[in-house]
S.K.: 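I have a structure here, written as structure tokens, and I will follow up with some questions on it.
Chain letters run A, B, ... following the sequence lines, proteins first and then strands; every chain starts at 1.
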2 protein chains.
Amino acid sequence: MNAISKLAIVPFVSVDHMMKLVLKIGVEKFLTDLSTYIEEDFRRWESFDKTPRVASHSDEGVIELMPTSDGTLYGFKYVNGHPKNTKDGRQTVTAFGVLSDVGNGYPMLLTEMTILTALRTAATSAVAAKYLAPKEADTMAIIGNGAQAEFQAMAFKAILGVNKLRLYDIDASATQKCIRNLTGLGFQMTACASGQEAVEGAHIITTVTADKQYATILTDNMVGSGVHINAVGGDCPGKTELHQDILTRSDIFVEYPPQTRIEGEIQQLAPDYPVNELWEVIAGQRSGRRDGRQITLFDSVGFAIEDFSALRYVRDQLPGTGLYEELDLLADPDEPRDLFGMLLRCEKAIAAA
Amino acid sequence: MNAISKLAIVPFVSVDHMMKLVLKIGVEKFLTDLSTYIEEDFRRWESFDKTPRVASHSDEGVIELMPTSDGTLYGFKYVNGHPKNTKDGRQTVTAFGVLSDVGNGYPMLLTEMTILTALRTAATSAVAAKYLAPKEADTMAIIGNGAQAEFQAMAFKAILGVNKLRLYDIDASATQKCIRNLTGLGFQMTACASGQEAVEGAHIITTVTADKQYATILTDNMVGSGVHINAVGGDCPGKTELHQDILTRSDIFVEYPPQTRIEGEIQQLAPDYPVNELWEVIAGQRSGRRDGRQITLFDSVGFAIEDFSALRYVRDQLPGTGLYEELDLLADPDEPRDLFGMLLRCEKAIAAA
């Protein structure tokens with residue numbers, strides 16, 4: 001059989017290759033560079049095809065497809081969310097994604113996105129905080145110390161210089177894991193015995209718990225004036241983290257309102273409750289933080305354009321690294337109309353071998 | 001670094017492996033077995049999550065995601081359609097797909113689907129014809145002799161015993177390619193000089209042209225009573241093959257009306273024009289062909305459930321064949337909440353190496 005044609009090959013970044021790529025670039029530089037791609041894409045928000053994610057729900061969880069396109073490139077992510085998975089040693093969330101050329105529809109990149117999603121979620125939070133958090137912010141509470149916590153910490157340090165962490169999780173071993181992983185990376189860390197203790201003195205409050213249905217991780221009395229809340233964990237229908245009174249005291253910033261109203265903290269509010277679109281702030285069309293008393297809230301759910309930015313960034317970093325495999329994903333007959341003939345030639349080649 | 005965990009591995013069927021799998025099973029047996037999977041899934045049509053495909057259109061073509069689920073398995077296909085691709089030696093249509101476990105959201109299979117789509121499209125056409133074509137049918141006209149033509153011929157021979165082909169294409173070299181490929185496979189073939197000549201004496205008329213915008217491959221006078229029309233080529237908005245008068249003389253059978261009304265021949269008709277759902281015929285809830293004078297029309301556009309059947313079939317055939325690679329697609333830390341720690345352990349392993 002003929003060697004596989006170049007046209008038929010799609011570069012594939014495995015989990016192992018993604019880890020090596022992140023480490024080669026450096027976690028902080030990766031997050032910082034990725035955040036510039038995200039800002040760039042948020043700035044040209046209006047040029048994207050946007051649609052709420054396409055979700056398939058079951059009793060156990062959800063499987064989603066998140067496509068978007070800027071007219072030149074097309075990207076989509078496959079991602080699941082299955083809270084009970086950790087019982088079997090599986091990830092709650094796993095993901096992979098594809099970047100394609102709009103001009104010919106051919107995939108240009110297939111990549112793991114479990115690690116990449118953790119990085120893009122953290123980078124997006126830090127981008128939002130860059131525009132919304134108080135200027136002098138150097139202390140962040142992180143409530144929920146699971147898989148996303150360290151990534152949030154690294155992104156806020158790399159992009160905003162936040163280096164004091166106040167950590168709390170209902171499971172103290174999660175906090176210990178987080179401290180162990182971040183030791184030696186330039187943080188002052190305090191393990192806290194409650195959410196209330198964690199938020200004391202924090203300029204930024206990150207909530208990133210999992211597995212909860214309409215939980216109240218933050219109550220109204222815990223949130224003082226001037227704080228920025230980075231609400232990451234409430235990200236699907238029926239899953240929220242903040243008491244409703246906090247929402248009504250805050251200026252709320254969201255990624256894509258039609259999706260956030262279904263999935264975010266604001267699912268607790270009326271469907272026409274006024275919210276601000278983050279892209280407008282980044283594009284200079286709307287102010288971010290106005291003053292030192294304002295409570296700002298980034299109601300993060302994760303949107304397809306952030307995955308698109310991440311796919312674009314990885315595509316640009318790959319050349320010369322060798323950190324990908326070549327996947328024979330696309331049929332490429334010598335003559336495009338002769339797909340059946342390709343099968344027959346394969347048969348002859350097998351018979352001759 | 002630790003060996004890649006079993007949980008993180010997804011079997012991947014490349015184009016080369018798919019060809020070898022099809023040849024190992026045999027094209028006719030593959031089509032016949034696949035058609036039983038398709039019939040099985042059509043029979044339980046109501047148990048599926050159904051949505052029209054999620055399409056991203058551009059001037060050059062379209063990229064689509066086609067998801068569905070039966071509550072136990074979830075499948076989706078990525079497929080593009082770019083008519084001008086053949087100019088650069090690329091396929092007009094390429095595809096790949098994923099089958100996942102609804103219970104934990106983990107992908108169980110990643111496979112090329114360019115070849116597999118050609119097979120499932122042909123198998124679905126043959127299944128429809130089994131219920132709709134005249135019983136004695138042994139002669140089929142195929143108008144359009146491109147990439148799909150031989151697959152249609154093979155499916156109709158394997159599943160219905162149709163062994164006389166009357167072939168026409170505006171490009172005579174396409175017809176010659178088709179005859180060359182099918183020689184020795186048990187067909188009597190006639191190359192025809194026009195569509196009119198091709199349909200003479202045919203019990204089944206398959207239209208499977210490409211690249212045309214609102215073309216009229218069949219005009220009303222070409223279609224006699226008692227014929228079954230298998231309209232495969234008209235499959236996206238603005239692309240049809242049949243004159244409207246044929247539609248109004250026929251009993252029309254479709255896969256999923258909300259999608260076919262956008263993409264199929266019936267986009268030429270009023271949005272409430274009565275059509276029959278093929279699954280109801282297969283499930284015994286509606287009659288197929290009633291008599292020898294009736295014109296039946298299968299307005300095929302291709303639906304996600306057919307891809308689901310094909311993914312399911314391939315998954316069932318793979319064990320023991322060795323015709324797949326193991327892809328490190330899913331991050332699988334030793335401790336599910338310790339994704340960042342996995343990255344740190346990778347760093348240590350690199351430093352130690």
S.K.: Please determine whether a side-chain nitrogen of the Lys or Arg among D338(A) and R345(A) lies less than 4.0 Å from a carboxylate oxygen of the Asp or Glu.
M.R.: yes
S.K.: Ring centroid separation for F48(A) and F308(A), is it under 6.0 angstrom?
M.R.: yes
S.K.: Regarding S173(A) and D171(A), do their side chains bring together a donor and an acceptor under 3.5 Å, going by distance alone?
M.R.: yes
S.K.: Which region of D101(A), side chain (C-beta onward) or backbone (N, CA, C, O), has a non-hydrogen atom less than 4.5 Å from a non-hydrogen atom of chain B, or is it both or neither?
M.R.: backbone
S.K.: With a 4.5 angstrom heavy-atom cut-off, could you sort out which part of L344(A) is near chain B: side chain, backbone, both or neither?
M.R.: side chain
S.K.: A side-chain contact here means heavy atoms from C-beta on lying under 4.5 Å apart; do Y106(B) and T94(A) qualify?
M.R.: yes
S.K.: What option among G341(A), G81(A), A147(A) has the most heavy-atom pairs under 4.5 Å with chain B?
M.R.: A147(A)
S.K.: Heavy-atom distance under 4.5 Å between the side chains of H82(B) and I63(B), does that happen here?
M.R.: yes
S.K.: Determine the option with the most heavy-atom pairs under 4.5 angstrom with chain B, choosing from P67(A), G103(A), S58(A).
M.R.: G103(A)
S.K.: Between V27(A) and chain B, which part of the residue has a heavy atom less than 4.5 Å away: side chain, backbone, both or neither?
M.R.: side chain
S.K.: Taking every non-hydrogen pair under 4.5 Å, which of T114(A), V62(A), L339(A) racks up the most with chain B?
M.R.: L339(A)
S.K.: Using a 4.5 angstrom heavy-atom cutoff, name the option from P107(B), A174(B), A149(B), C178(B) with the most pairs to chain A.
M.R.: P107(B)
S.K.: For M154(A), which atoms come within 4.5 Å of any heavy atom of chain B: side chain, backbone, both, or neither?
M.R.: side chain
S.K.: Where on L343(A) is there a heavy atom nearer than 4.5 Å to chain B: the side chain, the backbone, both, or neither?
M.R.: both
S.K.: Considering only heavy atoms, which portion of N181(A) lies under 4.5 Å from any heavy atom of chain B: side chain, backbone, both, or neither?
M.R.: both
S.K.: Heavy atoms only, distances under 4.5 angstrom: which of D49(A), L327(A), V54(A) has the most pairs with chain B? Name it, please.
M.R.: L327(A)
S.K.: If you count heavy-atom pairs within less than 4.5 Å of chain A, which of G61(B), A118(B), S69(B), S100(B) leads?
M.R.: S100(B)
S.K.: Among M18(B), R337(B), M113(B), Q148(B), which residue forms the greatest number of heavy-atom pairs with chain A at distances under 4.5 Å?
M.R.: R337(B)
S.K.: With side-chain contact (heavy atoms from CB on, under 4.5 Å) as the test, would you mind laying out the steps for V208(A) and T121(A) before giving the verdict?
M.R.: CA-CA 11 Å; V208(A) 59; T121(A) 300; over 6 Å; no
S.K.: Which atoms of V102(A) are under 4.5 Å from chain B, going by heavy atoms: the side chain, the backbone, both sets, or neither?
M.R.: both
S.K.: Within the structure provided, determine whether I115(B) and M19(B) are in side-chain contact (heavy-atom separation under 4.5 Å).
M.R.: yes
S.K.: With a 3.5 Å distance limit and no angle check, can you tell me whether K157(A) reaches the backbone of L185(A) through a side-chain donor-acceptor pair?
M.R.: yes
S.K.: Is it the backbone or the side chain of D59(A) that comes under 4.5 Å from a heavy atom of chain B, or both, or neither?
M.R.: neither
S.K.: So what's closer than 4.5 Å to chain B heavy atoms on L116(A): side chain, backbone, both or neither?
M.R.: neither
S.K.: Between E60(A) and K84(A), does any NZ, NE, NH1 or NH2 come within less than 4.0 Å of an OD or OE carboxylate oxygen?
M.R.: no
S.K.: Using heavy-atom distances under 4.5 Å, tell me whether N104(A) contacts chain B through its side chain, its backbone, both, or neither.
M.R.: both
S.K.: Less than 4.0 angstrom from a charged side-chain N to a carboxylate O is my criterion; do K177(A) and E150(A) meet it?
M.R.: yes
S.K.: Heavy-atom pairs under 4.5 Å with chain A - which of E347(B), R90(B), E112(B), H57(B) has more of them than the others?
M.R.: R90(B)
S.K.: Check whether any side-chain heavy atom of V98(A) sits under 4.5 Å from a side-chain heavy atom of F96(B), and report yes or no.
M.R.: yes
